[in-house]
Amino acid sequence: MGHLKMQMPAGFNGIEDQSEQCGAGYPNKTTIACMINAEIGSVLAVMRRNVRWGVHYMSDDDQSEHFLVQSLKTLRRQIFSWQKQWHSINPALYLQPFLDVIQSDETGAPITGVALSSVYKILTLDVIDQNTVNVVDTMDLVVDAVTSCRFEVTDPGSEEVVLMKILQVLLACVKSKASVILSNQHICTIVNTCFRIVHQAGTKGELLQRIARYTMHELVRCIFSHLQEIDTAESLSINGTTTPEQETCELNNEHVSESRQFENGSLTSEYDETVMAENTATASSDKESDLQELQLMTEPYGIPCMVEIFHFLCSLLNVVEHMGMNPRSNTLTFDEDVPLFALTLINSAIELGGPSFRHHPRLLSLIQDEVFHILMQFGLSMSPLVLSLQQEVLMEALVDLCRQKTFMLEMFINFDCDITCSNVFEDIANLLSKSAFPVNNPLSSMHILALDGLIAVMQGMADRIGNGFVSSEHSPVNFEEKYFKRRLMIGADHFNRDAKKGLEFLQGTHLLPDKLDPQSVACFLRFTAGLDKNVIGDFLGNHDEFCVQVLPEFARTFDFQDLTLDTALRIFLETFRLPGESQKIHRCLKLSRRDIMNNQHNVQVKKKMTEAVFIRNNRLINGGKDLPREFLSEIYHSICKNEIRTTPESGFGSPGLSPSRWISLIHKSKTTAPYIVSDSQAYLDYDMFVILSGPTIAAVSVVFDNAENEEVYQTCMDGFLAIAKISAYYHLENVLDDLIV
């Protein structure tokens with residue numbers, strides 16, 4: 001069949017020719033103009049239906065028309081007359097009239113919503129990219145207009161529509177081709193605005209709640225997927241300019257105030273300052289450093305904004321500490337839903353950033369110092385909801401680790417074989433065994449899950465037997481140290497019951513010298529895991545001459561270099577409990593006792609110590625001279641913010657991971673021995689099996705007796721066979737006998 005071919009008049013350029021003029025990868029010029037013209041018509045149509053705007057719109061006198069209407073009509077007359085290629089046209093020319101509508105507080109929600117939709121459609125046309133004329137200023141105009149959107153609220157439904165469209169436009173900005181030119185400040189402002197909508201959505205419809213959270217999730221994914229593209233040199237050039245604590249921008253503070261909620265449809269608030277404006281007021285008085293910070297925030301987005309956002313998400317995990325709860329709010333929902341949402345975002349950031357985190361120390365330190373800390377606090381939570389949500393999930397995670405062939409082996413090597421650490425392998429084995437027992441309850445998924453963990457460890461040992469036995473000569477672990485630790489644990493148990501008899505036992509087993517010396521005893525008290533901190537405190541505060549000599553030796557086991565006084569004191573006090581007698585406290589602390597007297601957190605003390613009184617109480621303690629006032633002021637505010645505890649915490653999260661305990665762990669991690677990675681050889685399987693076999697046989701037997709389906713029976717049989725194989729290999733007839741019985 002033939003095709004009709006039209007003869008085009010001379011000088012007439014067809015659509016195909018215009019497409020070529022627009023440049024490769026850009027939509028047709030006329031098509032774009034028509035689409036923008038349609039959007040102008042949409043906004044004017046909504047204005048026409050509005051009583052107030054209809055008067056302006058229908059006026060015959062252009063001078064009496066509102067400038068918003070005038071600018072839209074002017075744009076309509078101009079767009080078809082532009083002769084340049086589309087990417088050579090300043091986008092601000094065709095976006096500004098819509099942005100003016102968005103920022104105007106004279107427009108109602110329906111008009112603002114249509115203007116936002118128009119901006120969204122223009123952004124998704126892909127006519128604006130990093131090569132477009134004036135693209136930097138244009139994207140700045142868009143972000144500023146949308147994040148400071150103002151409109152008149154007429155009804156809740158229309159308000160929610162506008163908020164959804166704000167989220168839509170901001171996400172389009174981050175996903176657009178021009179997103180690479182967005183600055184660190186832009187990204188922080190976008191995330192800040194979206195979170196504020198997430199917060200407000202809690203009092204509105206479910207659809208807005210879901211869309212707000214989805215948008216926040218997509219923003220985090222888009223931003224942190226960019227991490228792998230960032231050159232490591234960028235990180236090296238800016239690392240060290242600030243610490244994560246100094247980078248706590250408006251993101252970190254804005255969620256603490258109800259004023260963030262949008263009143264009269266306004267997204268602006270008293271907190272709408274730039275990120276660095278707040279930082280420079282508090283973080284540093286060094287003008288050069290401040291200028292450098294400001295410069296970083298205006299550069300194309302990268303590590304600085306990612307640090308800001310990640311730090312903000314970490315602060316949400318601990319949000320209850322930072323905000324006064326609204327009496328009308330659902331405390332349970334807010335306290336636990338916000339941190340869980342933040343965890344989801346952090347998880348996405350880590351997944352998208354992947355191995356690239358290790359190239360950026362500031363981001364890595366946030367994971368190590370903040371995320372780990374708060375996750376461990378969650379694990380110790382006494383909240384019924386958190387516990388009910390966590391218990392099975394945590395057990396699944398633990399069993400997943402047990403299924404990794406070398407995980408439990410590495411736990412045994414690095415912890416159970418280290419005299420300064422707890423027996424992590426043994427604790428996990430006991431936990432799994434206990435969790436597998438259906439005491440006075442029918443067999444549940446939790447019981448089966450715990451049994452799977454035990455059997456997975458056994459099967460890992462059975463598999464290593466097939467690799468051939470390796471003599472202990474090639475082991476990465478000093479076996480003498482392991483056996484030494486066993487004797488030391490027995491000695492620690494004796495010491496906890498009676499300090500004097502405990503030391504005598506340690507002398508009898510040659511773990512301490514026949515003639516006790518203060519240094520040996522100090523090392524025993526400082527580095528032995530499992531000692532009762534109350535007993536240590538009583539010993540150090542004792543008036544006995546030998547105990548008095550041990551105290552300074554004990555203090556010398558600490559390295560307080562580069563630590564503030566209150567941090568050093570926290571670490572010191574984490575290793576023992578201060579005795580109750582004032583004389584013993586005096587001996588243990590001496591000069592440091594004045595810090596303890598700052599009872600800002602004691603509910604029984606009605607009149608709290610002021611900064612002036614604190615400074616006055618610490619006069620003449622620096623060799624008869626005063627310490628600098630700024631130094632004492634810093635200590636005072638640190639203690640006010642974070643209590644120095646001299647007794648174990650009780651109640652929520654007990655036995656919790658106190659701030660002092662965490663500081664001590666971080667300090668210890670900097671001097672710890674390198675982590676030993678297993679080579680999957682059976683160096684220590686005999687010792688591990690001796691610990692694990694009893695609890696495992698008991699757990700498998702009980703589950704086997706209570707099983708009701710074939711799959712559970714098969715799991716138990718697999719466990720029996722693995723235990724039998726290992727027992728036979730190591731000639732452990734007694735274990736085989738127990739198994740047969």
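By convention here, the first residue in the shown sequence is residue 1. Please read all numbers here as calculations on a predicted model, not as lab measurements. What's counted below: heavy atoms across the whole structure, side chains too, no hydrogens, waters or symmetry copies.
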Undergrad: Let's go through R77 and T74 carefully: what are the C-alpha distance in whole Å and the side-chain angles of both, what is the deciding distance for side chain to side chain contact (heavy atoms under 4.5 Å, CB included) to 0.1 Å, and is it a yes or a no?
TA: CA-CA 5 Å; R77 289 193 292 267; T74 301; 3.4 Å; yes
Undergrad: For the backbone of I303 and the side chain of N184, can you confirm whether one donor and one acceptor N or O come within less than 3.5 Å of each other?
TA: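 No, N184 side chain to I303 backbone: no donor-acceptor pair under 3.5 Å.
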Undergrad: How about OH on Y214, more than 12 heavy atoms from neighbouring residues, nucleotides or ligands closer than 6.0 Å, or not?
TA: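 No.
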Undergrad: Side-chain contact test, heavy atoms from C-beta onward, threshold under 4.5 Å: evaluate it for D129 versus T132 and give yes or no.
TA: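 Side-chain contact under 4.5 Å: yes.
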Undergrad: Working to the nearest 0.5 Å, report the span between CD of Q70 and CG of D100.
TA: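 So the CD of Q70 and the CG of D100 are separated by 12.0 Å.
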Undergrad: With a 4.5 Å heavy-atom cut-off, do E39 and K121 have their side chains touching?
TA: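 A side-chain contact under 4.5 Å exists here.
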Undergrad: Evaluate V143 against I190 for side chain to side chain contact (heavy atoms under 4.5 Å, CB included), listing each step before the verdict.
TA: CA-CA 7 Å; V143 173; I190 288 171; 4.0 Å; yes
Undergrad: Determine the minimum heavy-atom distance between A109 and V162, stating which atoms define it.
TA: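 Looks like O-CG2, 3.3 Å.
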Undergrad: Indicate yes or no for a side-chain donor-acceptor contact from T193 to the backbone of T189 under 3.5 Å, with no hydrogens or angles considered.
TA: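 Yes, the answer is positive, given that a donor and an acceptor are paired below the 3.5 Å cut-off.
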Undergrad: Measuring from atom CG of L219 to atom CG of L171, what distance do you get when rounded to the nearest 0.5 angstrom?
TA: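 Between L219 CG and L171 CG, I get 5.5 Å after rounding to 0.5 Å.
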Undergrad: Return yes if some donor-acceptor pair links the side-chain N/O of Q228 with the main-chain N/O of L352 below 3.5 Å, else return no.
TA: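 Indeed, once roles are kept as given, a pair shorter than 3.5 Å links the two residues.
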Undergrad: Please assess I211 against L163 for the test side chain to side chain contact (heavy atoms under 4.5 Å, CB included), listing each intermediate value before the final yes or no.
TA: CA-CA 10 Å; I211 291 176; L163 295 179; over 6 Å; no
Undergrad: Can you see which heavy atom on I346 is nearest to which on C314, and at what distance?
TA: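 That would be CD1-N, 4.1 Å.
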Undergrad: Look only at the side chain of D126 and the backbone of K177, and say whether a donor-acceptor pair between them is shorter than 3.5 Å.
TA: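 It does not hold such a pair.
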Undergrad: How many angstroms lie between atom SG of C222 and atom NE2 of H217, to the nearest 0.5 angstrom?
TA: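 The distance works out to 11.0 Å.
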Undergrad: CG/L208 to CD/E160 distance, rounded to the nearest 0.5 angstrom?
TA: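 Those atoms lie 5.0 Å apart.
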Undergrad: Search all heavy atoms of F407 against all heavy atoms of L401 and return the closest pair with its distance.
TA: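 Reported closest heavy-atom pair: CB-O, 3.1 Å.
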Undergrad: Flag the pair V119 / K165 as yes when at least one side-chain heavy-atom distance between them is below 4.5 Å, and no otherwise.
TA: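 V119 does not reach K165 side chain to side chain.
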Undergrad: Would you indicate whether the side-chain heavy atoms of M35 and T31 approach each other to under 4.5 Å?
TA: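 Result yes, sub-4.5 Å side-chain heavy-atom pair found.
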Undergrad: Tell me which one of H186, M216, E308 satisfies side-chain contact (heavy atoms from CB on, under 4.5 Å) with V191.
TA: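 Exactly one option meets the side-chain contact (heavy atoms from CB on, under 4.5 Å) with V191, and it is M216.
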Undergrad: Does one side chain, of H226 or E229, offer a donor that lies under 3.5 Å from an acceptor on the other?
TA: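 Checked: H226/E229 side chains pair up, N/O donor to acceptor below 3.5 Å.
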Undergrad: I want to check something: taking the side chain as every heavy atom from C-beta on, are Y94 and I32 in contact at a cut-off of under 4.5 Å?
TA: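 Not touching, per the 4.5 Å side-chain cut-off.
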Undergrad: I40 and F98: side chain to side chain contact (heavy atoms under 4.5 Å, CB included), yes or no, with the steps?
TA: CA-CA 8 Å; I40 296 171; F98 298 102; 3.7 Å; yes
Undergrad: How far apart are the closest heavy atoms of V180 and P300, and which atoms are they?
TA: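 Result for this residue pair: O-CB, 3.7 Å.
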Undergrad: To check you understand the geometry: which heavy-atom pair defines the closest contact between V101 and T112, and what is its length?
TA: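 Taking every non-hydrogen atom into account, O-OG1, 4.3 Å.
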Undergrad: Decide yes or no for L227 and L363: does some side-chain heavy atom of the first lie under 4.5 Å from some side-chain heavy atom of the second?
TA: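 Yes. Closest side-chain heavy atoms under 4.5 Å.
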Undergrad: Side chains of E299 and P304: closer than 4.5 Å at any heavy-atom pair?
TA: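 No, side chains not in contact.
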Undergrad: Measure the spacing between CD1 of I223 and CD1 of I309 and express it to the nearest 0.5 Å.
TA: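 If I round to the nearest 0.5 Å, the distance is 4.0 Å.
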Undergrad: Where does the angle between the aromatic ring planes of F357 and F224 fall among parallel (under 30°), tilted (30 to 60°) and perpendicular (over 60°)?
TA: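 The arrangement is parallel - the two ring planes meet at less than 30°.
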Undergrad: Measure the CE-NE2 distance between M47 and H66 for me, rounded to the nearest 0.5 Å.
TA: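 NE2 of H66 is found 8.0 Å from CE of M47.
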Undergrad: Could you check whether any side-chain heavy atom of M306 comes within less than 4.5 Å of a side-chain heavy atom of H360, counting everything from C-beta outward?
TA: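 A side-chain contact is absent here, since even the closest heavy-atom pair is not under 4.5 Å.
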Undergrad: Shortest non-hydrogen contact from N37 to R76?
TA: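 That would be OD1-NE, 3.1 Å.
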